[in-house]
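In what follows, a structure is listed as structure tokens, so that the remarks can point back to it.
Just follow the structure's listing: the first ligand is 1, and inside any ligand the first atom is 1. Because only heavy atoms are used, hydrogens play no part in the values below, and waters and symmetry mates are left out as well, while side chains stay in. On a predicted model such as this, the values are computed, not experimentally measured, just so you know.
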Amino acid sequence: MATLELKKVNKTFGSGTNAVQALTEIDFEANENELTLILGPSGSGKSTLLTILGGLQTPTNGDIILNSASMSSLNNREREEIRLHQIGFVLQRYSLVPFLKVQDQFLLVNKVKPNNNLNSSEFDKILNQLGIKSLLNKYPNQLSGGQSQRVAIARALYTNPKIILADEPTAALDTDRVEVVGKLLQSIAHEQNKAIVTVTHDLRLKKFADHVYELVDGKLSKSY
Ligand SMILES: Nc1ncnc2c1ncn2[C@@H]1O[C@H](COP(=O)(O)OP(=O)(O)OP(=O)(O)O)[C@@H](O)[C@H]1O
Ligand SMILES: [Mg+2]
């Protein structure tokens, strides 16, 4: 039984002569314990697919199935609850709050979701693994692209979600950091029973993945 599935999902932006078919008949599944990679070039529909998977936007048609239940049967409030408690996002455009220091980004999460977040030793371990402990007192505009990206990864992990959806989490990272992040995502999936889906054009992540899909012009095929 897959944790998160898409069945015959289509997404069209605009209408008439301006219509862009971003996704065509997408069938996809992500399972607990696995890191699933979706590879595709710029404009192939990766961010669209990931945001639909996480319920941040709705498909034109087709179904999203979470833990065997169709998401289309839920109202907005129920969908928000699921996003808050079960899904961690690492979005493509860094989603840090500009006027909060790094440490306060996490305190903000505590306010929105007070319970079942990482305890201080688990959190400390993640900060060390990602090499961002020394950045806790900085503001987002004092961080490099790669540093912001690592903070965004830590923030997604902080709520201890069952499902982690990451959009180009390694785009701004050098090869050493890609190794660290790839191994971290893989070990979190395998050791903590999580379903992790990463969309990327970064082939350096391929060796860490349990399954790889390819997305070309909005059409998805499974490589393994
Ligand atoms: N809100 C929108 N309105 C209209 N068209 C959109 C919208 N969002 C995405 N598109 C179009 O859908 C297609 C897929 O876009 P998407 O952002 O999903 O690609 P991507 O694979 O994430 O690209 P990148 O690697 O550059 O981030 C593109 O042709 C894009 O122009
Ligand atoms: Mg994108």
Pair Tyr224-Asp210, side-chain donor/acceptor within less than 3.5 Å: no

Without swapping roles, check the side chain of Gln86 against the backbone of Pro161 for a donor-acceptor pair under 3.5 Å. no

What are the atom names and distances for all N or O pairs under 3.5 Å between ligand 1 and the protein?
from: ligand 1; atom 1: 18 (O); to: Ser47; atom 2: N; distance (Å): 3.4
from: ligand 1; atom 1: 18 (O); to: Thr48; atom 2: N; distance (Å): 2.9
from: ligand 1; atom 1: 18 (O); to: Thr48; atom 2: OG1; distance (Å): 2.6
from: ligand 1; atom 1: 19 (O); to: Gly45; atom 2: N; distance (Å): 3.4
from: ligand 1; atom 1: 21 (O); to: Gly43; atom 2: N; distance (Å): 3.4
from: ligand 1; atom 1: 21 (O); to: Ser44; atom 2: N; distance (Å): 3.2
from: ligand 1; atom 1: 21 (O); to: Gly45; atom 2: N; distance (Å): 3.1
from: ligand 1; atom 1: 21 (O); to: Lys46; atom 2: N; distance (Å): 2.9
from: ligand 1; atom 1: 21 (O); to: Lys46; atom 2: NZ; distance (Å): 2.9
from: ligand 1; atom 1: 22 (O); to: Ser47; atom 2: N; distance (Å): 2.9
from: ligand 1; atom 1: 22 (O); to: Ser47; atom 2: OG; distance (Å): 2.9
from: ligand 1; atom 1: 23 (O); to: Gly43; atom 2: N; distance (Å): 2.8
from: ligand 1; atom 1: 25 (O); to: Lys46; atom 2: NZ; distance (Å): 2.7
from: ligand 1; atom 1: 26 (O); to: Ser42; atom 2: OG; distance (Å): 2.6
from: ligand 1; atom 1: 27 (O); to: Gln92; atom 2: OE1; distance (Å): 3.1
from: ligand 1; atom 1: 27 (O); to: Gln92; atom 2: NE2; distance (Å): 2.9

Considering only NZ, NE, NH1 and NH2 on the basic side and carboxylate oxygens on the acidic side, decide whether Lys8 and Asp27 come within less than 4.0 Å. yes

Examine Phe123 together with Tyr158 and report whether their ring centres are nearer than 6.0 Å. yes

Using a strict 4.0 Å threshold on nitrogen-to-oxygen distance, state whether Lys133 and Asp124 make a salt bridge. yes

Would you call Glu179 and Arg177 a salt bridge, taking side-chain N to carboxylate O under 4.0 Å as the test? no

In the shown structure, where waters are left out, how many protein N, O or S atoms lie under 2.8 Å from the Mg ion (ligand 2)? 2

Hey, does Leu184 have a side-chain heavy atom less than 4.5 Å from the side chain of Leu157? yes

Group every Ile, Leu, Val, Met, Phe, Trp and Tyr by side-chain heavy-atom contacts under 4.5 Å, then state whether Leu23 and Val20 land in the same group. no

Step through the shown structure and confirm whether more than 12 heavy atoms of other residues, nucleotides or ligands are within 6.0 Å of CG on Asn116. no

